[in-house]
Amino acid sequence: MPSTAFLLAGLAATGALASPLAHPRVGTAVGQSLSVEQVRNAQFAGRHGPFALAKAYIKYGAPVPGDLSAAVARLLQELGLDKRATGSVVATPAQYDAEYLSPVSIGTPAQTLMLDFDTGSSDLWVFSSETPKSSVQGQTVYNPSKSSTAKKLSGATWKISYGDGSSSSGSVYTDKVTIGGLSVSNVAVESAQKVSREFTAEADLDGLLGLAFSSINTVQPTQQKTFFDMAKPSLDSAVFTADLKYGKAGKYNFGYIDDSAYNGSLTYTAVDSSNGWWMFTSPGYAVGSGTLDSTSITGIADTGTTLLLVPSSVVTTYYKQIRNARYDSSQAGYVFPCSTSLPSFTYAVGNSQIVIPGKYINFAPVDSAGSSCFGGIQSDEGIGFSIFGDVALKAAFVVFDGSQSPRLGFASK
Ligand SMILES: CSc1ccc(CNCCO)cc1
C-alpha cells in the first residue's frame, strides 16, 4: 500500500490538491482596467478538508499529524485514489508448452521460485525445507526459517489433488510475495510436506500459484485468500491477464490491461464462479475453415491444464477431418502421424471467435521414434465440464476480471 505522503504528493503533482479555481486566464487590458477570468480546476479532488489541511502541512514541510494522515488515507480510499499497484511477469513454457512457469519472490530477503500460475486452483504452494529430501529432485525450495517476514499459521494444513491425479499437502506460513514488482504482505504460502511423484518429476516446477476463486482454497481450519484476492485492494483495476504463447515466453499482468498486447477488441463473457472456477460457455465451435457449429461448450479457463478438453462429440468431429488420426487406447487419446498438417479449431466467445492454429494442436510425440503425435484436443469425458487449457488460451489474450461481477475477456492476437 503506497504511503499517504506518497499518494498526497502524487495528487499534489496532478493539481488535484490545488485551488478549485486555477489557471486564471489573463484578461485583456482595456485602458487602465484588467479583467481576469477564473476557470474551475477540473482536477481538484473536491472540497475535502483533510486534503486542504494536509496540503498546508506538506507546503511548509511539517509532518502530517497521525489522525490527519488517517483521515486522508480514508478519503483517498473512498475516492478510489489510493490504487496504484500493478505487476507484470514473464511466463516461460516448459517443453511442449506442457506448463508455463513464472518467477515469484517470497520472503525477506527474497527467495525466488518458479511457479505454475494455475487459474484452475486456488492454493499457492511451494516445495520447501519441509519437503522430504527424497521428493525434491532439482526444485528450488522455500525456507521460511530464513525469512524475517515469515509467520507460521499455527495449526493450519492444506491438501490438494488435481485433475491429472497429482497431489500435495503440508503446513502453512504467511509471508510477503512479490510478482513482477507487485508486493503483497501476509499472503498464505503453503509449504509442501508431501508431493506426489508427478511433481517430483517436474524438476523446473517449484510450486503452484492458484488464481481461481478463494472459495476453493484448501487450507483448514481457516480458508486462505489467493494472491490475487490479497492484491486486489491495492491494484489499479481488479483484473489480471494471461498472454500465453506457442513455444515462447508469454506474460501475466496484474492490475491493468495492456491494450497493445492484442488485436481488435476484447469480447467479455459471463463467468459462473459458483464452483470456484472461471467457468464460461462458448456458444459454438468450428473445425478448419468449416462453418460454426452451434454446439455450446461449457468449461473453465484453466492455465494450469495443458490441453483443450472438450465433449467427445466435438473431439470426434475434429479428428474425423484428419486422415490417419485414431484413438490409441494405449495412450488414452487421439494420435496422428507427427508430419500431419492439422486443421485449426475455433471456439466462439460471445459474438466473436478465437482461432487455434492447427500447429498448436500437435502436442507432442508419444514415443522417442517421434512417428506418432498426441493431440492437443482430447475428451473431457468424466470431468463434468470442459477445460480450456493452454492449447486454447495461448491463442488469445485473456482478461480475468475479478470485479464484483467476475467475467472473462478474450481477444485475438
Ligand atoms: C505434475 S505438474 C502439474 C502442474 C499443474 C497442475 C495443476 N493443474 C493440472 C490439471 O489437473 C498439476 C500438476
Side-chain angles (χ1 to χ4, degrees), residues 89 91-104 113-128 131-132 134-142 158-170 179 189-219 226-228 240 242 244 250 252 275-279 298-310 332-333 363-364 374-394 398 400:
V89 70
T92 303
Q95 193 181 33
Y96 305 121
D97 296 355
E99 65 242 1
Y100 292 79
L101 301 174
S102 297
V104 176
L113 278 65
M114 296 301 287
L115 304 187
D116 182 356
F117 288 17
D118 180 9
T119 60
S121 65
S122 303
D123 285 52
L124 192 175
W125 72 262
V126 291
F127 277 77
S128 75
T131 312
S134 58
S135 298
V136 182
Q137 292 184 11
Q139 290 83 4
T140 298
V141 303
Y142 164 63
W158 61 282
K159 180 173 177 48
I160 195 163
S161 301
Y162 298 102
D164 61 353
S166 58
S167 62
S168 49
S169 62
I179 297 178
V189 178
E190 302 169 28
S191 165
Q193 294 173 321
K194 278 185 191 160
V195 297
S196 64
R197 71 177 77 82
E198 295 88 352
F199 285 113
T200 297
E202 295 287 324
D204 298 334
L205 182 150
D206 304 329
L208 264 65
L209 187 134
L211 291 168
F213 293 84
S214 298
S215 59
I216 55 172
N217 171 269
T218 74
V219 175
T226 64
F227 169 82
F228 178 47
F240 66 88
L244 302 178
Y252 286 100
N275 292 304
W277 292 302
W278 294 91
M279 184 170 279
T298 296
I300 65 173
D302 182 1
T303 56
T305 289
T306 311
L307 306 182
L308 169 57
L309 308 180
V310 289
F363 170 56
F374 197 74
I377 295 175
Q378 299 293 347
S379 171
D380 65 8
E381 187 79 38
I383 298 174
F385 47 85
S386 295
I387 300 188
F388 292 84
D390 300 331
V391 161
L393 300 180
K394 68 178 124 175
V398 189
F400 292 78

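Positions are given from 1 along the sequence. What you see below is based on every heavy atom in this structure, not just the backbone, and it leaves out hydrogens, waters and symmetry mates. In listed order, ligands and their atoms are each counted from 1.
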Residue and atom name of the nearest protein heavy atom (relative to [atom]), distance in Å to one decimal:
{"atom": "atom 4 (C) of ligand 1", "result": "Asp116 OD2, 3.5 Å"}
{"atom": "atom 8 (N) of ligand 1", "result": "Gly304 O, 2.9 Å"}
{"atom": "atom 3 (C) of ligand 1", "result": "Phe199 CE2, 3.5 Å"}
{"atom": "atom 10 (C) of ligand 1", "result": "Thr305 OG1, 3.2 Å"}
{"atom": "atom 11 (O) of ligand 1", "result": "Gly163 N, 2.9 Å"}

Where does Glu198 meet ligand 1, judged by heavy-atom distances below 4.0 Å: at the side chain, the backbone, both, or neither?
both

Checking Asp204 against Gln95: is there a side-chain donor and acceptor pair closer than 3.5 Å?
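On atom types as modelled, these side chains do not qualify, holding no pair under 3.5 Å.
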
Ser121 and Asp123: side chain donor to acceptor below 3.5 Å:
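Result is no, nothing qualifies.
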
Work out which heavy atom in Thr226 is nearest to a heavy atom in Ser214; give both atom names and the distance.
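For Thr226 and Ser214, the tightest heavy-atom pair comes out as N-OG, 3.0 Å.
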
Would you mind listing which atoms of ligand 1 come within a distance below 4.0 Å of any non-hydrogen atom of [X]?
{"X": "Asp118", "value": "7 (C), 8 (N)"}
{"X": "Glu202", "value": "1 (C), 2 (S)"}
{"X": "Ser166", "value": "12 (C), 13 (C)"}

Within the structure, is a non-hydrogen atom of Ser121 found at a distance of less than 4.0 Å from ligand 1?
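It does not, in that no heavy atom of Ser121 comes within the 4.0 Å cut-off of ligand 1.
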
Measure up the Phe213 and Trp278 rings against each other and bin them: parallel (under 30°), tilted (30 to 60°), perpendicular (over 60°).
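Rings of Phe213 and Trp278: tilted, as their planes differ by 30° to 60°.
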
Evaluate the side-chain proximity of [Y] to [X]: yes if any heavy-atom separation is below 4.5 Å, no if none is.
{"X": "Phe117", "Y": "Val89", "result": "yes"}
{"X": "Thr303", "Y": "Tyr252", "result": "yes"}
{"X": "Asp116", "Y": "Leu208", "result": "yes"}

Just do the side-chain contact (heavy atoms from CB on, under 4.5 Å) check on Phe388 and Ile300 with the steps written out, would you?
CA-CA 6 Å; Phe388 292 84; Ile300 65 173; over 6 Å; no

Does Asp164, backbone or side chain, put an N or O under 3.5 Å from an N or O of ligand 1?
yes

